[in-house]
Structure formats: structure tokens, C-alpha cells
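Structure first, commentary second.
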Amino acid sequence: MKRLSIFVSGNGTNLQRIADYFANNPEVKIVNVVCNNPKAYSIERAKNLGIPLRMINRQEFNSEAFIQEMKSLDLDLIVLAGFLWKIPEDLVKAFPKKIVNIHPALLPKYGGKGFYGEHVHEAVVAAKEAFSGITIHYVNEIYDSGEIILQAYTKLDEKETPDSLAAKIHQLEQAYFPVVIEQVLLQQH
Ligand code: GAR
């Protein structure tokens, strides 16, 4: 059985989709949800899904104890599903090629500090880009720079707004993220 931990900070639509996708798959278990934001709707979702919830503050998140706690869960993959803190180097080292992130743009453009959620879409629309999309990638020590697993594209319309673009990106995330997670798990030795 493959064991996942899902890290979240916000609404949790990706968390919900991943949980629903694997709900009837006995080979995949979401062991816990790690959340850094006490106001996140993800908390409700985790409760409704019956998945153990681990709230963290910044001090805990940066501690060796947290790394050991995560290691003790015998995880096959950590999934960052709208998690907005940078992953500490020691945690990355403890889970080599075992952390994946989804980013709502075509990296390396519109990545790095400050580029998350709607800020990304505002910047993409303001720059009048012809395309945007999603990037699913492994997490390394440098923000938004790990090896890319998949990018999916969407075209911007002339009248595109950050909100309309967000809806298109949401569709791509819902379609691709669980499938890519499944592929990553299947490719593990
Ligand atoms: C998603 O669009 C995800 O790509 C983005 O946050 C949103 C979370 O939505 N992630 C980042 O911006 C990471 N830099 P959700 O909480 O509804 O899944």
C-alpha cells in the first residue's frame, strides 16, 4: 500500500479531488493532512473525509522533531496541494524525490516567492500572456525549481480576467493532479 501525506494552506479543492480519486483504491492511503493555516477550509474537508489532521506552526514546521514525525509515518509521497510555505532544506533531504507540488502557472515563469494563488493569475493576465497552465514538479531545495513532471496548458482569451483564468487552471488541476500522483506512485520502486 502507498502512503501519502497531503500538505495544505487554503480551500483544499485539490485535497478533496485527490481524496475522492483514491477513495476506492485500497492501494493508496492518505495518512494525514498537514495544515499551517487555522482558517483554511481544508480543515473542514479533512474532518469530513475522516483523515487525521496535523496543524503546524512555523516553529514546529522547521524542527527536527517534525521531520522525525513525518519519517515515522513511512510515507511514499508528500503532496503539496496549495501549501504556501517553503519546505525546509532538511525536510527535502529527508524525502528525496518524494515531495511533489502543484503550481498554477507554467514554471519557470511566475514562480518563486509571492507567486501563489490569485497573485499568479493577476500577473499572467497583466502581462497579456498567450498561455498559462499548471506545473506539477518534484520539490527540491530551491522554491518552484524542482524537476518538472507535467505541464498542461490553457489559452488566454482576449477578455481574460484573473478570475476566469483561475477557473481554467482549476479545471486543469482537477483533471491532472490525481492522475500524475498515481503515475508517480506507480513508477516508484
Ligand atoms: C492551487 O491553485 C495551487 O496550484 C496553488 O494554490 C491553489 C490551492 O487551491 N498553489 C500555489 O500557488 C503554490 N505556489 P486549493 O487549496 O483549493 O487546492
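Computed over heavy atoms, backbone and side chain alike; hydrogens, waters and symmetry mates excluded. Atoms within a ligand are numbered from 1 in the order they appear, just like the ligands themselves.
P104 CD, 3.5 Å is the protein heavy atom nearest to atom 11 (C) of ligand 1. Of the protein's heavy atoms, T13 OG1, 2.6 Å lies nearest to atom 17 (O) of ligand 1. In this structure, atom 16 (O) of ligand 1 lies nearest to the protein heavy atom G12 N, 2.7 Å. Given atom 10 (N) of ligand 1, the protein heavy atom at minimum distance is I102 O, 3.6 Å. Among protein heavy atoms, the minimum distance from atom 8 (C) of ligand 1 is reached at G82 CA, 3.6 Å. Atom 14 (N) of ligand 1 has H103 ND1, 3.4 Å as its closest protein atom, hydrogens excluded (heavy atom only). Ranking protein heavy atoms by distance to atom 9 (O) of ligand 1, first place goes to N14 ND2, 3.9 Å.
A donor-acceptor contact under 3.5 angstrom links the side chains of Q16 and D20, judged on distance only. Side chains of N36 and R58: a donor-acceptor N/O pair is absent below 3.5 angstrom, by distance only.
At a heavy-atom distance under 4.0 Å, only side-chain atoms of E173, from C-beta outward, approach ligand 1.
In this structure, I30 CD1 and K2 NZ are separated by 15.0 Å, a value rounded to the nearest 0.5 Å.
F22 has its side chain out of reach of E27: every pair of non-hydrogen atoms, C-beta onward, lies at least 4.5 Å apart.
Aromatic ring pairs are classed by plane angle as parallel below 30°, tilted from 30° to 60° and perpendicular above 60°; the pair F61 and F7 is perpendicular.
When only interatomic distances are considered, the shortest N/O to N/O separation between Y116 and ligand 1 does not fall below 3.5 Å. For a threshold of 3.5 Å applied to N or O pairs, the pair formed by L15 and ligand 1 contains no separation below that value. Between G117 and ligand 1, at least one N/O pair is under 3.5 Å apart.
Shown here for E182 and N25, the closest heavy-atom pair between the two residues is OE2-ND2, 4.1 Å. Between L107 and T135, the shortest heavy-atom distance links the atoms N-OG1, 3.0 Å.
Under a 4.0 Å heavy-atom criterion, F115 is in contact with ligand 1.
Using a 4.0 Å cut-off between charged side-chain N and carboxylate O, E173 and R17 make no salt bridge.
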